[in-house]
Amino acid sequence: MTTPTLLTPVEAAKILTVSTKTLRRMRDEGLKFVRLRAGTIRYRQDDLDAFIEAKTTCHSAPKIRASGTMTSRSGVVDFMDLAARRTSKRPKR
């Protein structure tokens, strides 16, 4: 039986592309770790892989068919013309 390689927090954070502070938060979310002694924490590669697998969700986006019944109301807006129309419709006092 081979001994698993233990990763330092810096190495584990680099693999997960997160900061060491985020890695500490991930421990609260269920990331397993090894405490060798007070203040010395290590991570196993298998535990990192399992955590990633548990947090991975794959959603396939529903396909949207074009029905052809909708009309587009978008277009180019001339803001200067719009502003002129708004100011010209104000009642004079």
Side-chain angles (χ1 to χ4, degrees):
M1 185 168 145
T2 61
T3 304
T5 304
L6 297 177
L7 304 167
T8 65
V10 172
E11 293 168 334
K14 192 172 188 177
I15 289 171
L16 296 174
T17 63
V18 297
S19 68
T20 54
K21 185 175 181 178
T22 300
L23 193 63
R24 282 192 300 264
R25 278 190 242 124
M26 293 168 93
R27 287 198 315 249
D28 295 337
E29 295 176 16
L31 177 61
K32 293 181 180 180
F33 62 95
V34 177
R35 185 181 309 270
L36 298 176
R37 60 187 154 168
T40 305
I41 293 178
R42 297 292 184 261
Y43 300 89
R44 286 184 266 193
Q45 182 67 50
D46 293 343
D47 292 337
L48 296 178
D49 295 337
F51 183 78
I52 292 168
E53 189 65 32
K55 292 293 183 178
T56 302
T57 56
C58 182
H59 298 287
S60 58
K63 293 188 177 185
I64 300 172
R65 292 184 345 164
S67 63
T69 59
M70 312 241 343
T71 58
S72 175
R73 300 186 84 186
S74 64
V76 177
V77 176
D78 182 2
F79 288 104
M80 297 302 285
D81 182 48
L82 184 63
R85 278 194 260 154
R86 285 188 178 170
T87 57
S88 65
K89 291 185 179 181
R90 288 188 182 165
K92 294 184 179 180
R93 292 185 185 176

Here the salt bridge (charged side-chain N to carboxylate O under 4.0 Å, His left out) pairs for residues 5-22, sequence neighbours left out, are none
Per the side chain to side chain donor-acceptor pair (under 3.5 Å) rule, what does the pair list look like for residues 33-42, sequence neighbours excluded? Arg37-Thr40
Between the OG1 atom in Thr20 and the CZ atom in Arg25, the distance rounded to the nearest 0.5 Å is 10.0 Å
Counting only heavy atoms not in Glu29, do more than 12 fall under 6.0 Å of its CD? yes
Side-chain hydrophobic cluster, 4.5 Å single linkage: members besides Ile41: Leu7, Ile15, Leu16, Val18, Leu23, Met26, Leu31, Phe33, Tyr43, Leu48, Phe51, Ile52
